[in-house]
Enquirer: 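One structure is given below, represented as structure tokens, and several questions about it will come after.
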Amino acid sequence: MAGRFSPRPTRTTVRGGHVAVPGGIPRQAAVAGRVRTWVPEWPIDLGLVLGPLRRGPGDPTFRAMPDGSVWRASLTPAGPGTLRVAARGAEVRGEAWGPGAEWLLERLPELLGAADDPSVFVPRHRVVAMARHRRPGLRLTRTGLVMESLIPSVLEQKVTTDEAYRAWRLLVRKFGEPAPGPAPGRMYVMPDARAWALIPSWEWHRAGVDNKRASTILRAVRVAARMEEAVRMPPAQAQARLEVVPGIGPWTSAEVVQRSHGAADAVTVGDLHLPGIVGFALAGDRDADDSVMLELLEPYAGQRHRAARLILLSGRVPARRAPRMPRGDIGRL
């Protein structure tokens, strides 16, 4: 998640960064879709705003193109849809295809941070102030969709980034459907709740997903409608709704509402890397745990997730002193 800072890319730092959208020749869509233009009142950085929605460089539901545009394939309440977003000067142009096209275009401003209000954020540390100055285009996205963030977040529980991204990529490509419209090659819409529920146990195994995570996803998709209702709740209540499902805890629920709600205060607890990064950046304490992290972020109450994003973007991280977590593949067993 470009503008990622140069040190090692952990799962947490990827989430805090942004997707590179290099310059190039604009891509011409072969089939016209529904179009909406919008002019935000702030500088827009598509890679920075939409970066947290990408689950790895091979995510079949997300693509950053050489022309600077970003493509997303989503399963909306109206059906599958593909959205292409491009910024040209001060104007943003959204083009969408499929049954979910109108739904995606209607929510385009919120997707790009229109519901976010960074003006209330007051930096309390130099490293945070500098990161904010260097990233004026940072806005918190709000997708309005719960399951599309919940399922990959469950896949990321207690495994390496590579394992989680591989599982998401394999399952979506095998059980999802091709993205509508002239989407770039190998883009897919994630499966609906019924399709997730019908995935055989051996396919979870082949994708490297253990029974605990697979069972959590199966429990969640059985109540998918109730999960999606959480998008109309305040973030704290939405997290409580999600955590009713066994296997979904504070780490997972925070990761979801950060994206579905644009929750500025939903700080991720229980993460392997984040406490040490925050502790090192704000207090020089690379061994900080969740309690220390929350204490350091207390001055940012109401905006703790935004503060954490800025810290991740600052590049101030402790040097590695231990081997990477070993990558496993239960699909080979």
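Note that the coordinates shown come from a computational prediction; the quantities given were computed from them, not determined experimentally.
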Enquirer: Taking salt bridge (Lys or Arg N to Asp or Glu O under 4.0 Å) as the cut-off, I'd like each qualifying pair that reaches into residues 116-126, sequence neighbours left out, listed once.
Expert: Asp116-Arg306

Enquirer: Taking it one step at a time, do Gln258 and Thr268 satisfy side-chain hydrogen bond (donor to acceptor under 3.5 Å, both in side chains)?
Expert: CA-CA 9 Å; Gln258 288 167 7; Thr268 304; 2.8 Å; yes

Enquirer: Please tabulate, one pair per line, all N/O donor-acceptor pairs under 3.5 Å involving side-chain atoms of residues 220-240, not counting sequence neighbours.
Expert:
residue	atom	partner	partner atom	Å
Arg226	NH1	Glu229	OE1	3.0
Glu228	OE1	Val146	N	2.9
Glu228	OE2	Met147	N	3.0
Glu229	OE1	Arg241	NH1	3.4
Gln239	NE2	Ser253	OG	2.8

Enquirer: Can you check side chain to side chain contact (heavy atoms under 4.5 Å, CB included) on Gln157 and Asp210, steps first, answer last?
Expert: CA-CA 10 Å; Gln157 292 176 350; Asp210 56 70; over 6 Å; no

Enquirer: Suppose the criterion is salt bridge (Lys or Arg N to Asp or Glu O under 4.0 Å): which pairs have a residue in residues 137-149, not counting sequence neighbours?
Expert: Arg72-Glu148, Glu110-Arg142

Enquirer: Minimum heavy-atom separation for Ala319 and Arg286, please, with both atom names.
Expert: O-NH2, 2.7 Å

Enquirer: Is there a path from Leu294 to Val292 through hydrophobic residues (I, L, V, M, F, W, Y) whose side chains come within less than 4.5 Å of each other?
Expert: yes

Enquirer: Starting at CZ of Arg173, measure out to CG of Leu171 and round the result to the nearest 0.5 Å.
Expert: 11.5 Å

Enquirer: Is Leu145 close to Ser74 at the side-chain level, that is, under 4.5 Å between some pair of heavy atoms?
Expert: yes

Enquirer: Among pairs that include at least one residue of residues 194-203, which meet salt bridge (Lys or Arg N to Asp or Glu O under 4.0 Å), considering only residues two or more places apart or in two chains?
Expert: Lys174-Glu203, Glu203-Arg206

Enquirer: Just by modelled atom types, is the Arg316 backbone N or O under 3.5 Å from a matching donor or acceptor in the Ser314 side chain?
Expert: yes

Enquirer: Compare every heavy atom of Leu112 with every heavy atom of Leu46, then report the nearest pair and how far apart it is.
Expert: CD2-CD2, 3.8 Å

Enquirer: Between the main-chain N or O of Ala307 and the side-chain N or O of Arg132, is there a donor-acceptor pair closer than 3.5 Å?
Expert: no

Enquirer: Which heavy atom of Ser69 sits nearest to which heavy atom of Trp71, and what is that distance?
Expert: OG-NE1, 3.6 Å

Enquirer: CG of Asn211 to NE2 of His205: how many Å apart, nearest 0.5 Å?
Expert: 11.0 Å

Enquirer: Restricting to non-hydrogen atoms, name the atom on Leu140 and the atom on Gly262 that form the minimum distance, rounded to 0.1 Å.
Expert: CD1-O, 4.0 Å

Enquirer: With a 4.5 Å cut-off on side-chain heavy-atom distances among I, L, V, M, F, W and Y, is there a chain of contacts connecting Leu297 to Val269?
Expert: yes

Enquirer: Mind checking side-chain hydrogen bond (donor to acceptor under 3.5 Å, both in side chains) for Thr61 and listing every partner two or more places apart, or none if nothing turns up?
Expert: Asp59

Enquirer: Thr160 and Glu163: side-chain donor and acceptor closer than 3.5 Å?
Expert: yes

Enquirer: Do the side chains of Val85 and Arg93 get nearer than 4.5 Å, heavy atoms only?
Expert: no

Enquirer: Closest heavy-atom contact between Asp271 and Leu274?
Expert: OD2-N, 3.1 Å

Enquirer: So, taking the atom named CD1 in Ile151 and the one named OG1 in Thr252, what distance separates them when rounded to the nearest 0.5 Å?
Expert: 12.5 Å

Enquirer: Suppose we screen for side chain to side chain contact (heavy atoms under 4.5 Å, CB included). Which residues come up paired with Ser201, at least two apart in sequence or across chains?
Expert: none

Enquirer: Same cluster or not: Leu170 versus Leu218, using hydrophobic residues (I, L, V, M, F, W, Y) connected whenever any side-chain heavy atoms lie under 4.5 Å apart?
Expert: no

Enquirer: Please tell me if the side chains of Val256 and Trp251 come closer than 4.5 Å, counting only heavy atoms from C-beta onward.
Expert: no

Enquirer: Go through the structure and list residues passing side chain to side chain contact (heavy atoms under 4.5 Å, CB included) with Asp265, not counting sequence neighbours.
Expert: Arg304

Enquirer: Between Asp192 and Trp196, does the side chain to side chain contact (heavy atoms under 4.5 Å, CB included) criterion hold? Intermediate values first, please.
Expert: CA-CA 6 Å; Asp192 61 18; Trp196 284 111; over 6 Å; no

Enquirer: Give every residue pair that meets the ring-ring contact (aromatic ring centres under 6.0 Å, His included) criterion with at least one member in residues 281-309, sequence neighbours excluded.
Expert: Phe121-Tyr300, His125-Tyr300

Enquirer: Side chains of residues 34-43: which donor-acceptor pairs under 3.5 Å do they make with residues two or more places apart or in other chains?
Expert:
residue	atom	partner	partner atom	Å
Arg36	NH1	Leu105	O	2.8
Arg36	NH1	Glu106	O	3.2

Enquirer: Report the C-alpha distance between Asp287 and Phe280 in whole Å, list the side-chain angles of each, state the deciding distance to 0.1 Å, and finish with yes or no for side chain to side chain contact (heavy atoms under 4.5 Å, CB included).
Expert: CA-CA 8 Å; Asp287 298 314; Phe280 181 79; over 6 Å; no

Enquirer: Can you see which heavy atom on Gly100 is nearest to which on Thr76, and at what distance?
Expert: CA-OG1, 3.4 Å

Enquirer: Side chains of residues 175-188: which donor-acceptor partners sit under 3.5 Å, not counting sequence neighbours?
Expert:
none

Enquirer: From Leu104 CG over to Thr82 OG1, what is the distance, rounded to the nearest 0.5 angstrom?
Expert: 8.0 Å

Enquirer: First locate atom CZ of Arg169, then atom CZ of Arg55, and finally report the distance between them rounded to the nearest 0.5 Å.
Expert: 14.0 Å

Enquirer: If you apply the rule side chain to side chain contact (heavy atoms under 4.5 Å, CB included), what do you find for Val317 with Ile311, and how did you get there?
Expert: CA-CA 9 Å; Val317 297; Ile311 290 169; over 6 Å; no

Enquirer: With sequence neighbours left out, write down each residue that passes side-chain hydrogen bond (donor to acceptor under 3.5 Å, both in side chains) with Ser149, or none if nothing qualifies.
Expert: none

Enquirer: With heavy-atom distances below 4.5 Å as the criterion, would you say the side chains of Leu282 and Val128 are in contact?
Expert: yes

Enquirer: Could you state whether Met130 and Ile277 fall into the same hydrophobic cluster, counting links through intermediate Ile, Leu, Val, Met, Phe, Trp or Tyr residues with side-chain heavy atoms under 4.5 angstrom apart?
Expert: no

Enquirer: May I ask you to decide if Gly270's main-chain N or O and Asp290's side chain share a donor-acceptor pair within less than 3.5 Å?
Expert: yes

Enquirer: Between atom CZ of Arg84 and atom CE of Met65, what is the distance when rounded to the nearest 0.5 Å?
Expert: 8.5 Å

